[in-house]
Amino acid sequence: MKNVNDLQVNGKVVLVRCDFNVPLKDGVIRDDNRIVQALPTIKELLSKGARVVLMSHLGKVKHKEAPEVVEAQKVKNNLAPVAKRLSELLAMDVKFCSVTRGDELKSMVSSLKNGEVLLVQNTRYEKGEEKNDPELSKEWASLCDAFVMDAFGSAHRAHASTYGVPEVLKAEGKQVAIGYLVEKEVKSLSKVVNCEDRPYIAILGGFKVSDKIKVINSLLKKCDKILIGGAMAYTFIKALGGNIGNSPCEEDQLDYAREMYASGKILLPEDTKCANDFDNPTETKIVDSKDIPVGFQGLDIGPKTMKKYEAEIAKAKTIFWNGPMGVFEKEAYQSGTIAVCKACAELKDAFTVIGGGDSAAACKQFGYADKFSHVSTGGGASLEMIENDGHLPGIDIIG
Ligand code: ADP
Ligand code: MG
């Protein structure tokens, strides 16, 4: 597979698919990590004298909704603030094309000079983006001489900008390559897809079992143990006959949970911190996870579980972590997630990977992000990479 480093692109228009799907509130970027992570590829291309055209999606635009709803979603997910932040980070003027198709875009691309950068409006403004529409792919491909895939967080989607465009360009004999971020992600995640250093411990939490069925199936084949926390633990506990009070539970996943548990690799929380209300609790207590009283719901793993999980983590040589252990957004239910962060951070000779948007946000919030070997920029993409044994459509198409 070609890397951006291998390209000869002096004076050429290079289209780079980035993942600038950053958290935005009222037009203000809350976390620019994904923009920062895209800089090495952009700088490499600028140093080669390329004319750089950047594309990304941002948020959701649901084209089936009423026109005024679609319009509001477009306003909310306007990519213009990213161009501004990129200008600051690159210390140069980054041009912005506010439309995704047509003459204005064509003329902005053709007037680019060597070493200039243009960011194109949110690819999801186009109805055909998520459908991988061939006409749209052709039009975008016609704008450029070469393509670089650096949107790891979008590599599990075969959309026009992640799949259709490189497919067209490859057929035309044009250069396509992966960028430095995709290279880094693949290198790190490969170590949790094909693990060589054992014990390999997976830590899974977060909200739903149903979101994580495929990854649990896959991890059971790959790892030595799976430590379960978060809301999804209660589905397992109920499946094994426990009383979970008012804790969240997916009734339609109970059989599946029993089947998975029979593997002997799954560890469940022994104790739970529960409360009598999610928003305004008047009583919180630590109870046996199999004995959560009616009227109470589990919101974090308890201290015994933390000790047990810390001891398991301490033995690991490889860790993959997805999903917080509790409602880490609230101070009262952060302890479990912090304990896991800390136990992973203390490992000396282990390879530790976080894949998951909320888990990555939690480890950053608690100050442990730089203690992990790798914090993926793609939550869904990293899970799908494990599920599909290292394959993602947006990366496979480059090779
Ligand atoms: P990730 O983004 O890392 O894959 P998820 O999106 O699956 O993680 O889950 C994160 C969410 O799960 C968080 O918002 C957290 O508050 C929630 N969560 C974790 N434990 C519980 C619980 N016991 N009850 C309710 N929500 C929980
Ligand atoms: Mg999430």
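Being a predicted model, the structure only gives us computed values, none of them experimental. Order of appearance sets the numbers: ligands from 1, and atoms from 1 within every ligand.
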Visitor: So, Thr123 and Glu129: side-chain donor and acceptor under 3.5 Å apart, yes or no?
Guide: yes
Visitor: Checking one value in my table: which N/O/S atom of Asp358 lies closest to the Mg ion (ligand 2)?
Guide: OD2
Visitor: Just heavy atoms, cut-off under 4.0 Å: does Gln297 contact ligand 1 by side chain, backbone, both, or neither?
Guide: neither
Visitor: Compare Asn322, Asp358, Thr337 and give the one whose heavy atom is closest to atom 5 (P) of ligand 1.
Guide: Asp358
Visitor: Looking only at protein heavy atoms, which one is nearest to atom 14 (O) of ligand 1, and how far off is it?
Guide: Glu329 OE2, 2.5 Å
Visitor: Side chain, backbone, both or neither: which applies to Lys212 and ligand 1 if a contact is any heavy-atom pair less than 4.0 Å apart?
Guide: side chain
Visitor: Of all the non-hydrogen atoms in the protein, which one sits nearest to atom 18 (N) of ligand 1, and at what distance?
Guide: Gly326 O, 4.0 Å
Visitor: How far is atom 17 (C) of ligand 1 from its nearest protein heavy atom, and which residue and atom is that?
Guide: Phe207 CD1, 4.2 Å
Visitor: Please say whether more than 12 non-hydrogen atoms of neighbouring residues, nucleotides or ligands are located less than 6.0 Å from NZ in Lys308.
Guide: yes
Visitor: Is there a heavy atom in Gly298 that sits closer than 4.0 Å to ligand 1?
Guide: yes
Visitor: Quick one: which of Glu185, Gln37, Arg34 gives a side chain to side chain donor-acceptor pair (under 3.5 Å) with Thr377?
Guide: Glu185
Visitor: In terms of residue, atom name and distance, what is the protein heavy atom nearest to atom 9 (O) of ligand 1?
Guide: Gly206 CA, 3.1 Å
Visitor: Is there a donor-acceptor pair under 3.5 Å between the side chain of Asp150 and the backbone N or O of Leu181?
Guide: yes
Visitor: Taking the minimum heavy-atom distance to atom 20 (N) of ligand 1, which of Pro269, Ala231, Gly229 ranks first?
Guide: Ala231
Visitor: Hey, are Asp32 and Arg85 close enough for a salt bridge, meaning a charged N less than 4.0 Å from a carboxylate O?
Guide: yes
Visitor: Can you tell me how far the CZ atom of Phe147 sits from the CD1 atom of Ile178, to the nearest 0.5 Å?
Guide: 12.0 Å
Visitor: Would Lys285 pass as a cation-pi partner of Phe296, given that its NZ or CZ must be under 6.0 Å from the six-membered ring centre and within 45 degrees of the axis?
Guide: yes
Visitor: Hey, is Tyr234 one of the residues with a heavy atom under 4.0 angstrom from ligand 1?
Guide: yes
Visitor: Do the side chains of Lys222 and Asp389 get close enough for a salt bridge, i.e. N-O under 4.0 angstrom?
Guide: yes
Visitor: According to a 4.5 Å side-chain heavy-atom criterion applied to Ile, Leu, Val, Met, Phe, Trp and Tyr, with indirect links allowed, do Leu86 and Val16 form part of one hydrophobic cluster?
Guide: yes
Visitor: Under 4.0 Å from any heavy atom of Gly357, which atoms of ligand 1 are there?
Guide: 1 (P), 2 (O), 3 (O)
Visitor: Hey, does Asp211 sit under 4.0 Å from ligand 1 if you only count heavy atoms?
Guide: no
Visitor: Just checking, any donor-acceptor pair under 3.5 angstrom between side chains of Gln121 and Thr100?
Guide: no
Visitor: Closest non-hydrogen protein atom to atom 3 (O) of ligand 1, residue and atom name please, with distance?
Guide: Ser359 OG, 2.4 Å
Visitor: Hey, which atoms in ligand 1 end up nearer than 4.0 Å to a heavy atom of Gly323?
Guide: 3 (O), 8 (O)
Visitor: Should you measure from each heavy atom of Pro324, which atoms of ligand 1 turn up under 4.0 Å away?
Guide: 3 (O), 8 (O), 10 (C)
Visitor: Evaluating non-hydrogen atoms only, which member of Leu299, Val327, Ile301 is closest to atom 27 (C) of ligand 1?
Guide: Val327
Visitor: Given Met260, which partner from the list Ile266, Ile226, Asp255 fulfils the side-chain contact (heavy atoms from CB on, under 4.5 Å) test?
Guide: Ile266
